[in-house]
Number of protein chains: 2
Amino acid sequence: MEAAIEKLAKRGPSASHIADWIRSQIRGNRLVPGQRLVEVDIIRQTGGSRFKVREAYQRLAAEGLLEIEEYRGARVRGASMDEVRQLYRARAALEALCAADFTRKASDEEIARLGEIARQMEECVESEQPQEFGKLNAEWHTLLMRGAGNAVIEDMVRRLNTPVHHLLFGTFYRGERLREAARDHRRILDAIEARNPDGAECEMRAHVENGLSFLSELDRAVHLED
Amino acid sequence: MEAAIEKLAKRGPSASHIADWIRSQIRGNRLVPGQRLVEVDIIRQTGGSRFKVREAYQRLAAEGLLEIEEYRGARVRGASMDEVRQLYRARAALEALCAADFTRKASDEEIARLGEIARQMEECVESEQPQEFGKLNAEWHTLLMRGAGNAVIEDMVRRLNTPVHHLLFGTFYRGERLREAARDHRRILDAIEARNPDGAECEMRAHVENGLSFLSELDRAVHLED
DNA sequence: GCCGACAAGATTGTCAACAATCTCGTTGTC
DNA sequence: GACAACGAGATTGTTGACAATCTTGTCGGC
C-alpha cells in the first residue's frame with residue numbers, strides 16, 4: 001500500500017502496482033474467495049484510475065487469481081480442495097527438481113545461508129512465532145529455487161502459492177505442523193550438504209506432499225463439522 | 001480469425017478472443033519475438049475496440065508472452081536459449097509426474113486411444129508429414145495430462161509451450177528427430193501398458209529432455225554460423 | 001405471508017476525444 | 001560527412017460521459 005501511495009504523488013499507481021496491491025490483500029486474507037472487487041472501491045483504496053484498475057483485473061485473471069464475469073465484475077477465485085491437491089502435486093515436482101539442481105550447483109556459501117535460515121526457523125518453532133516462521137519459510141524456499149538457477153520455476157511456484165497462502169496462517173502454521181516442517185527442512189539440508197541430489201529431490205517431494213496431507217486432513221475435519 | 005469475424009456480427013470480439021487470436025499468430029510465427037504490436041493494426045485485423053485490445057495485451061503480458069513498455073506499446077517476448085532450457089526442465093518434471101499418474105489411474109480405453117494416436121504419428125514419420133505429426137503430438141500429450149487428472153499442470157504446460165511453439169515447426173519436426181520422438185512415445189506407452197508408473201515417469205522425463213538436447217544442438221549450430 | 005413484476009440505484013462495458021510521449025526524418029551547423 | 005536540435009506524424013496513456021446490464025427493494029396480487 002505504501003508503494004501505491006508513494007507513486008500517487010507523481011502520477012498515480014500503475015496497473016502492476018494495483019495488481020500487486022490486490023495480490024497482497026488476497027494473501028493477507030483481507031480479500032477472501034468469492035468476494036467481489038468493486039471497481040470504485042479499489043480506485044478509492046489505491047488511487048488508480050478505473051482504466052488501470054481494469055487492466056490490473058485482467059492481469060490477475062490471467063494468473064487465475066480473479067474471475068471476471070460480464071457485467072458482474074471481478075471476484076476472488078477460490079481453490080477447491082481438489083485444485084489445491086493438483087497444485088501441491090505440481091509444486092512437489094517443481095521444487096523437487098530445484099532441490100536436486102541446487103544440490104548440484106550451489107556454492108558452500110549458499111548452502112550455509114540456507115542452513116542459517118533453517119536454524120532460525122527452528123527457533124521460531126520453540127518460541128512459537130508462526131508469523132515469523134512463515135516469512136522465513138518463504139525466504140528459504142525462494143533461496144533454494146534461486147540457487148537452482150531456474151527463474152521460470154521460481155515464478156511458477158510463486159503463482160501456485162498465492163491462492164493457498166491465506167490457508168496457511170492460522171491453521172497450517174501451528175504447533176506440530178511447524179515442527180514437522182522444520183524437521184523436513186533439516187533432512188533436505190542434510191542431503192544437500194552431503195551433495196546428494198537424488199536424496200534432496202526425494203526429501204523435498206516428501207516435504208511438499210506432507211504439507212498437502214496436512215491440508216487434506218484439515219479439510220476432512222472441516223467437512224465433518226458440517 | 002474466423003471466430004473473431006463471426007463474433008463481430010454481434011458485438012465485436014471479446015478481450016479473450018483477441019488474446020486467442022494474438023496467441024495463434026505467435027504460435028504460427030506470423031508474429032515473431034521483438035515485433036511490435038501496434039494497437040490500430042490489431043484493431044483492424046480483429047475488429048475489436050482499442051479498449052479490448054489493451055485488455056488482451058494485459059492478459060498476454062501476465063502469461064509472459066508480451067512485454068509492455070510505457071508509451072512504447074507491446075512487443076512479442078522472445079525466450080533466450082537459457083530460458084528455453086529452464087522451461088523444458090519444468091515441463092519434464094511436470095509431464096513426468098503426469099505420466100506416472102496416468103499410468104496409475106487411466107482406463108484401458110484411454111490407454112488404447114493413446115496408442116492409436118501414437119500409431120498415427122508413426123505413419124506421419126514414414127510419410128513425412130511433420131505438420132500432421134505436430135498436431136497429433138500436441139493431442140497425445142494433452143490426452144495424457146487430461147487422463148492424469150491434473151488440470152493445473154495441463155494449463156501450465158500449455159503456457160510453457162507457447163513461446164517455443166514456433167521453434168518446432170520447420171526445424172524440430174523433421175526427419176530424424178521425428179523418428180526419435182515416435183520411439184520415445186512407444187517406450188512411454190510400453191511402460192504405461194505394463195502399468196509401471198516409475199518407468200513411464202522416467203521415459204517421459206527422458207523424452208522431454210531429448211527435445212531439449214535437440215534444441216540445444218540446433219542453437220549451437222546457429223551460433224557457429226555467425 | 002409468498003411470489004412475480006416493476007423501478008431505481010449501483011455497477012460494469014464501451015467509446016471517442018484529448019494529452020503525453022516516442023519515432024523518425026529534416027535541417028542547420030561544424 | 002557527422003551530428004545535434006528540432007518538429008511533424010505516429011502511437012500510446014488517460015479521462016469522462018454515456019450505454020448496457022445487474023441488483024435490490026417495493027408494490028400489488030394471490
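The distance between atom CD of B:Glu55 and atom C1' of C:dT14, rounded to the nearest whole Å, is 10 Å. Going from atom CD of B:Glu39 over to atom C1' of C:dT21 covers 13 Å, rounded to whole Å. Protein atom CG of A:Asp41 is 7 Å distant from nucleotide atom P of C:dT11, rounded to whole Å. The distance between atom CD1 of A:Ile43 and atom P of D:dG16, rounded to the nearest whole Å, is 10 Å.
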Pairs under 3.5 Å (N/O, protein and nucleotides 22-25 of chain D):
residue	atom	partner	partner atom	Å
D:dT23	OP1	A:Arg72	NE	3.3

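No engagement by B:Ile68 is indicated, since no non-hydrogen atom pair under 4.0 Å with the nucleic acid exists.
Checking A:Val40 against A:Phe51, the closest nucleotide of DNA chain C that is more toward the 5' end is the one next to A:Val40.
Shown here are the ring pair (Phe, Tyr, Trp, His ring centres under 6.0 Å) partners of B:His207, two or more places apart in sequence or in another chain: B:His141, B:His185. A search for side-chain contact (heavy atoms from CB on, under 4.5 Å) contacts involving B:Arg146 returns B:Thr142, B:Glu154, not counting sequence neighbours.
In this model, the phosphate group of D:dT14 is not approached by any side-chain N or O of A:Ser49 to a distance below 4.0 Å at OP1 or OP2. Applying the 4.0 Å criterion to OP1 and OP2 of C:dC15, one finds that B:Arg50 has every side-chain N and O outside that range. A close approach under 4.0 Å does occur between a side-chain nitrogen or oxygen of B:Lys52 and OP1 or OP2 of C:dT14.
For the atom pair CE of A:Met81 and CG of A:Leu215, the computed distance is 5.5 Å after rounding to the nearest 0.5 Å.
Comment: A:Arg205 engages A:Glu201 in a salt bridge, judged by a side-chain N to carboxylate O separation of less than 4.0 angstrom. Using a 4.0 Å cut-off between charged nitrogen and carboxylate oxygen, A:Arg113 and A:Glu110 do not count as a salt-bridge pair.
At least one side-chain heavy atom of A:Ile26 sits less than 4.5 Å from a side-chain heavy atom of A:Leu66.
Pairs engaging residues 22-59 of chain A under the ring pair (Phe, Tyr, Trp, His ring centres under 6.0 Å) rule: A:Phe51-B:Phe51 [sequence neighbours left out].
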Side-chain donor-acceptor distances from residues 32-39 of chain A under 3.5 Å, at least two apart:
residue	atom	partner	partner atom	Å
A:Gln35	OE1	A:Val32	N	3.2
A:Glu39	OE1	A:Arg50	NE	2.6
A:Glu39	OE1	A:Arg50	NH2	3.3

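Less than 4.0 Å separates DNA chain D from no heavy atom of any residue of residues 56-65 of chain B.
At most 12 non-hydrogen atoms from other residues, nucleotides or ligands lie less than 6.0 angstrom from CD of A:Glu128.
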